[in-house]
Amino acid sequence: MEEDNIKPAAAEQVEERDSVEVEKVEASAEEELKVTEKTIEMLRTVFDPEIPVNVYDLGLIYKIDYDLSDKTLHVDMTLTAPGCPAADFIMEDVRQKLLSVEGPEKVDLRLVFEPVWTQDMMSEEAKLELGFL
């Protein structure tokens with residue numbers, strides 16, 4: 001009889017532990033989503049001085065990944081052309097905006113050229129703004 005009482009108690013402990021784990025995962029996912037949304041919001045304030053569309057809608061942002069374990073925001077981006085004369089200006093503007101996002105303690109901003117950027121990567125709004133639609 002005593003053994004019967006042990007099993008439900010153990011099952012309750014497992015259930016409680018699982019519930020706590022689910023809450024942690026949900027909180028982590030919520031924080032990652034919040035940081036990602038704020039990152040996108042900030043990236044939409046960065047413009048190439050030669051193009052009247054922000055870097056996010058231009059399709060220059062290839063990856064946004066927030067690592068909660070070390071609180072690092074990883075962003076991969078490209079430019080419309082490898083020899084872009086405004087590259088330093090744009091990269092520094094992006095870096096400053098990313099550093100202002102609440103949550104991350106570090107920013108890992110990487111400039112990549114694979115895959116090569118094409119106009120197909122622009123949002124519909126960017127294509128409309130630039131007269132491609």
Side-chain angles (χ1 to χ4, degrees):
M1 197 66 157
E2 204 174 292
E3 198 171 292
D4 290 340
N5 290 337
I6 293 172
K7 286 180 184 176
E12 280 180 31
Q13 287 176 343
V14 168
E15 218 172 273
E16 189 174 309
R17 187 182 68 232
D18 288 349
S19 176
V20 168
E21 287 300 314
V22 167
E23 287 175 18
K24 284 181 185 177
V25 168
E26 287 174 352
S28 295
E30 190 174 312
E31 184 174 346
E32 286 177 22
L33 180 61
K34 191 169 74 172
V35 168
T36 299
E37 288 173 346
K38 184 64 175 171
T39 299
I40 292 168
E41 182 182 324
M42 295 308 296
L43 289 169
R44 284 195 161 128
T45 68
V46 177
F47 290 80
D48 180 320
E50 299 176 350
I51 304 171
V53 176
N54 68 72
V55 296
Y56 187 81
D57 288 328
L58 274 174
L60 300 180
I61 306 302
Y62 287 172
K63 178 182 92 170
I64 299 171
D65 183 36
Y66 180 49
D67 185 347
L68 263 172
S69 66
D70 64 359
K71 294 195 174 264
T72 300
L73 179 59
H74 301 275
V75 176
D76 287 357
M77 68 171 291
T78 194
L79 300 168
T80 55
C84 175
D88 291 340
F89 171 80
I90 295 168
M91 292 294 291
E92 186 56 27
D93 197 9
V94 167
R95 183 178 309 286
Q96 291 304 313
K97 298 293 171 70
L98 295 177
L99 288 169
S100 75
V101 173
E102 189 178 323
E105 294 175 0
K106 295 181 277 186
V107 170
D108 173 32
L109 176 61
R110 296 183 342 133
L111 181 61
V112 298
F113 292 102
E114 295 275 333
V116 174
W117 180 85
T118 66
Q119 293 176 358
D120 294 336
M121 296 174 174
M122 292 190 287
S123 68
E124 296 296 314
E125 294 84 7
K127 289 177 184 175
L128 190 59
E129 176 73 27
L130 296 173
F132 293 125
L133 287 181

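This chain uses plain numbering: 1 for the first residue, then up along the sequence. Note that the structure is a prediction, hence the values are computed from the model and not measured.
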Are any of the side-chain heavy atoms of T118 and M121 separated by less than 4.5 Å?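 In contact.
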Below 4.5 Å, heavy atoms only, C-beta onward: do D67 and P104 meet side chain to side chain?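 Contact flag for D67/P104 side chains = no.
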Please evaluate residues K38 and E41 with respect to the criterion salt bridge (Lys or Arg N to Asp or Glu O under 4.0 Å), reporting the C-alpha separation (whole Å), side-chain torsions for both, the decisive distance (0.1 Å), and the verdict. CA-CA 5 Å; K38 184 64 175 171; E41 182 182 324; 3.4 Å; yes
What's the spacing between [X] [atom1] and [Y] [atom2] if we round to 0.5 Å?
| X | Y | atom1 | atom2 | value |
| --- | --- | --- | --- | --- |
| L111 | L79 | CG | CG | 5.0 Å |
| L58 | I51 | CG | CD1 | 5.0 Å |
| T36 | L73 | OG1 | CG | 7.5 Å |
| E125 | E129 | CD | CD | 10.5 Å |
| R95 | M91 | CZ | CE | 6.0 Å |
| F89 | F47 | CZ | CZ | 11.0 Å |

Clusters formed by hydrophobic residues whose side-chain heavy atoms approach within less than 4.5 Å: which one holds V116, and what are its other members? none
Apart from L133 itself, what residues make up its hydrophobic cluster, given side-chain heavy atom links below 4.5 Å? L128
Restricting to non-hydrogen atoms, name the atom on [X] and the atom on [Y] that form the minimum distance, rounded to 0.1 Å.
| X | Y | value |
| --- | --- | --- |
| K71 | G103 | CD-O, 4.0 Å |
| K127 | Q119 | CE-O, 3.4 Å |
| A126 | D57 | CB-O, 3.4 Å |

Applying side chain to side chain contact (heavy atoms under 4.5 Å, CB included), run through M122 and W117 and close with a yes or a no. CA-CA 9 Å; M122 292 190 287; W117 180 85; 3.8 Å; yes
Going by side-chain contact (heavy atoms from CB on, under 4.5 Å), V94 matches just one of L99, L60, V46. Which one?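 Only match with V94 under side-chain contact (heavy atoms from CB on, under 4.5 Å): V46.
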Is Y66 atom OH crowded by more than 12 heavy atoms from other residues, nucleotides or ligands, each under 6.0 Å away?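 Yes.
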Flag yes if more than 12 heavy atoms outside D70 fall under 6.0 Å of its CG atom; otherwise flag no. yes
Could you tell me which residues satisfy side chain to side chain contact (heavy atoms under 4.5 Å, CB included) with R110, sequence neighbours excluded, listed by chain and number?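 D76, D108, V112.
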List the steps, then state whether side chain to side chain contact (heavy atoms under 4.5 Å, CB included) holds for L43 with L98. CA-CA 8 Å; L43 289 169; L98 295 177; 4.1 Å; yes
Starting from the C-alpha separation in whole Å, work towards a yes-or-no answer on side chain to side chain contact (heavy atoms under 4.5 Å, CB included) for V75 and V107. CA-CA 8 Å; V75 176; V107 170; 5.7 Å; no
